[in-house]
Amino acid sequence: MSSIMVAGGSLGGLAVALFAARAGHDVVLVEADGQAVPAGVEEVWHGWKRRGVPQFRQLHGTQALGRAILAERAPEILDRLRAAGAHDVDLLASRPHARLRPGADELVQFRCRRPVLEWVLRAAVDAEPNVVLRPSVEVTGLLVTARGRPRVTGVTTTLGELPADVVVDATGRRSRVAEWCVRSGTAPPTTCTVDTRQVYFTQWFRRDTGFTGSDPMLRVELPFATLLVLPVDAGWLSATFFAPAHDRELRALLRNTDGFLHALRSVPPASTWIADARPVGTVQIMGKLANQLRRLSSRSPAGLLSVADAAVCTNPTWGRGAALALAHAAALVDLLDTCEEPAMLAVASTAWTTENLEPWFHDTVLLDAETNARWVGAQPVRSPERPFDHMDVVRTARTDPTVHVAYLRYRNLLDSPAAFWHRTEIIDSVDASAGVPSDSADLPGREEFLARSCPT
C-alpha cells in the first residue's frame, strides 16, 4: 500500500504526508485553502490566511511529546524553527534539583507560534519528491469497491477523482467523513461530543528582544478564570484568558483590546510581562469548544483512516492537540509499514487510537468538569478515575520534586493519564499535603476583577 491520499493540510495532515513520504510512500495531499504560502517568516503572521483552521492565530505550544516526535522523525524541522526564532524550553530550569528524578531528561518543550510551525512543515512537505500537493481542492466523497467489505479506492474531489490505496482524513474536528461514508453507501463513524462550556481570548504582543528557553511561562489560576502568558518565538508572546462561556460580562470585557489590556494589568504577576511589549492586532476569540471522539465503524470502508483532531479532539486550552497529532501521524505511518491489507490496517489503527488517544479525551473531559466547577465556586464531583483533584496535585508539585516531574510528564503527554493519576507515590504525596493553603488568597475575585478592569 504505497499510494496515500491525505485530506487536510494542517499539522496532522502535513505530518502524515511528510513521515509517509520519507518512509517511501507516494502521497497526494489535498488542501481546501488555496492561498499562496508566504515566502518569509515575517509575512506568515499578517499575510497567511487559514480560514479552515480557526485556532491558527491562537496561543500555541508543542508539548514535550511532540518535540520528541519531530526530533526523531524530522530533526531539521526543529533546526529551521530555531532559525526562525523558536526555542527549546527546559521545563526544569527553575528546579534543577528535580533533574535527578527518573524521566526528567525528556522534559523539554518547543515554543513557537502555530503559523510558524505550519509554515516550516509546509515547506518541508513541498520539498518531498514523493508528495503531490494540491491546494484549493476539497474532498467530497469516497470511491469504494462494490464486492465484499467495502474498501476505498480513492476519493472524489472538487476537481475530479483521485485514486488511492489509503485515504487519511486529516480535516480536523469539523470533518465531513460521515457525509463521505453515507454518499458512498458505507457505514459512517460514531461521534461522541462533550461541550467544554469554555471560551478563550488571546491578545498577542511583541517586544524588540527575543525570548529564550530560560523565559518561563506564567499561569495564574483566578477563582473564576485562568490566565496564561506564554513567550514564544522572536519576541512574540501571547496572553490568554480562559473563561466560562456563560459569563457574558467577563466575555464582553475581554473581547476588545482595551478591556483585555486593563484586565491583564489588573493581575499583578502579569503586568510586568507586557511592560516592554506592544499589542499586535486584535483579541482572538475561540468559542464553541468541544471534546470530540470519532470512531470509524467496523463496517466503514477498509483503508479509510482518521488522524489527529478528525479522530480525537481535546479542549485546546490544555495544549494537547499538536503533540497528539504528531504522535498519531508517526504511529499511522508505522502501521502502514507493518499492515499489508487495508482491513488489517483499519483494525490496527483503531486499536492504537483506542489505547493511546482516547484516554486523553476522557482525561480532558474530567479536567474540564473540575475547572468549570471551580470557576463557579462549586465542589467538583469526584470521579472514580480521580483519587485527587487537579489543583491539589498542582499545589503538591510546587514543593515535591518527584510529584513535580511526574506532573510535567503527564502534562507533556509523556505518561498516560492512568500512569499518573493512579500512581501510589503521587496519591500519598497529595494526601500528605492536604490542608496546605493555596496561593490564590491575594488574587482578585470576579467582582473585584471586573471593577479593576473596566476602562475608565
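The first residue in the sequence is number 1, and the count goes up from there.
Residue pairs meeting the salt bridge (Lys or Arg N to Asp or Glu O under 4.0 Å) criterion with at least one partner in residues 227-245, sequence neighbours excluded, are R113-D233. Every pair passing salt bridge (Lys or Arg N to Asp or Glu O under 4.0 Å) that includes a residue from residues 56-72 is listed here, sequence neighbours excluded: R67-D88. The list of salt bridge (Lys or Arg N to Asp or Glu O under 4.0 Å) pairs with a residue in residues 235-244, not counting sequence neighbours, is empty. The stretch residues 123-134 participates, sequence neighbours left out, in these side-chain hydrogen bond (donor to acceptor under 3.5 Å, both in side chains) pairs: R22-E128.
For S184, the side-chain contact (heavy atoms from CB on, under 4.5 Å) partners are L142, V144, T186, not counting sequence neighbours. Residues passing the ring pair (Phe, Tyr, Trp, His ring centres under 6.0 Å) test with H404, sequence neighbours excluded: none. F205 is linked by a ring pair (Phe, Tyr, Trp, His ring centres under 6.0 Å) to nothing, counting only residues two or more places apart in sequence or in another chain. For A290, the side-chain contact (heavy atoms from CB on, under 4.5 Å) test picks out T193, with sequence neighbours left out. In this structure W318 satisfies the side-chain hydrogen bond (donor to acceptor under 3.5 Å, both in side chains) test together with D368, sequence neighbours excluded. By the ring pair (Phe, Tyr, Trp, His ring centres under 6.0 Å) test, H362 is found to be paired with no residue, residues two or more places apart in sequence or in another chain being considered.
In the displayed structure, R206 atom CZ is contacted under 6.0 Å by more than 12 heavy atoms of other residues, nucleotides or ligands.
Using a 4.5 Å heavy-atom threshold, the side chains of L92 and L408 count as touching. In this structure, the side chains of R411 and F420 stay at 4.5 Å or more apart for every pair of heavy atoms. The shortest side-chain heavy-atom distance between T353 and V312 falls under the 4.5 Å cut-off.
A salt bridge links R50 to E31: one of the charged nitrogens lies within less than 4.0 Å of a carboxylate oxygen. A salt bridge does not link E370 with R374: every distance from a Lys NZ or Arg NE/NH1/NH2 to an Asp or Glu carboxylate oxygen is 4.0 Å or more. We find that D415 and R423 are not joined by a salt bridge, their nearest charged nitrogen and carboxylate oxygen being 4.0 Å or further apart. Using a 4.0 Å cut-off between charged side-chain N and carboxylate O, R176 and E138 make a salt bridge.
Between F224 and F449, the gap from one ring centroid to the other is short of 6.0 Å. Proximity of the aromatic rings of W236 and F211 is defined here by a centroid distance below 6.0 angstrom, and this criterion is not met.
No hydrogens or angles considered: nothing links the side chains of S306 and R294 as a donor-acceptor pair under 3.5 Å. Looking at Q109 and Q63, their side chains do bring a donor and an acceptor atom within 3.5 Å of each other. Between the side chains of D400 and S429, a donor-acceptor pair is found at a separation under 3.5 Å. For the residue pair W421 and D363, a side-chain donor N or O sits within less than 3.5 Å of a side-chain acceptor on the partner.
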Enumerate donor-acceptor pairs with a distance under 3.5 Å from any side-chain N or O in residues 8-19 to protein atoms, sequence neighbours excluded.
residue : atom : partner : partner atom : Å
S10     : OG   : R114    : NH2          : 2.5
S10     : OG   : E118    : OE1          : 3.4

Name the atoms and distances for all side-chain donor-acceptor pairs under 3.5 Å in residues 331-339, with sequence neighbours left out.
residue : atom : partner : partner atom : Å
D334    : OD1  : R73     : NH1          : 3.2
D334    : OD1  : R73     : NH2          : 3.1
D334    : OD2  : R73     : NH2          : 2.7
D337    : OD1  : H25     : NE2          : 3.0
T338    : OG1  : D334    : O            : 3.4
T338    : OG1  : L335    : O            : 3.3

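Rounding to the nearest 0.5 Å places CZ of F241 at 11.0 Å from CD of Q203. Taken from CG in L264 to CH2 in W273, the straight-line distance is 11.0 Å, to the nearest 0.5 Å.
Here the options are H60, Q58, Q284, the test is side chain to side chain donor-acceptor pair (under 3.5 Å), and the partner is T202; only Q58 passes.
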Q: Take T190 and R295 through the side chain to side chain donor-acceptor pair (under 3.5 Å) test and state the conclusion after the steps.
A: CA-CA 5 Å; T190 59; R295 293 191 185 100; 4.9 Å; no

Q: For side chain to side chain contact (heavy atoms under 4.5 Å, CB included), just list the numbers for M5 and V139, CA-CA rounded to whole Å, side-chain angles, deciding distance to a tenth of an Å, and then say yes or no.
A: CA-CA 10 Å; M5 203 294 304; V139 173; 3.9 Å; yes

(Q) Apply side chain to side chain contact (heavy atoms under 4.5 Å, CB included) to residues N412 and L65 and explain how you reach the verdict. (A) CA-CA 6 Å; N412 280 268; L65 173 65; over 6 Å; no

Q. Given the rule in the side chain to side chain contact (heavy atoms under 4.5 Å, CB included) test, do H87 and T212 qualify, once you have shown the distances and angles that lead to the verdict?
A. CA-CA 6 Å; H87 53 266; T212 69; 5.6 Å; no

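The minimum heavy-atom distance linking L218 with P269 is given by the pair CD2-O, 3.5 Å. In terms of heavy atoms, L230 sits closest to M217 at CD1-CB, 3.7 Å.
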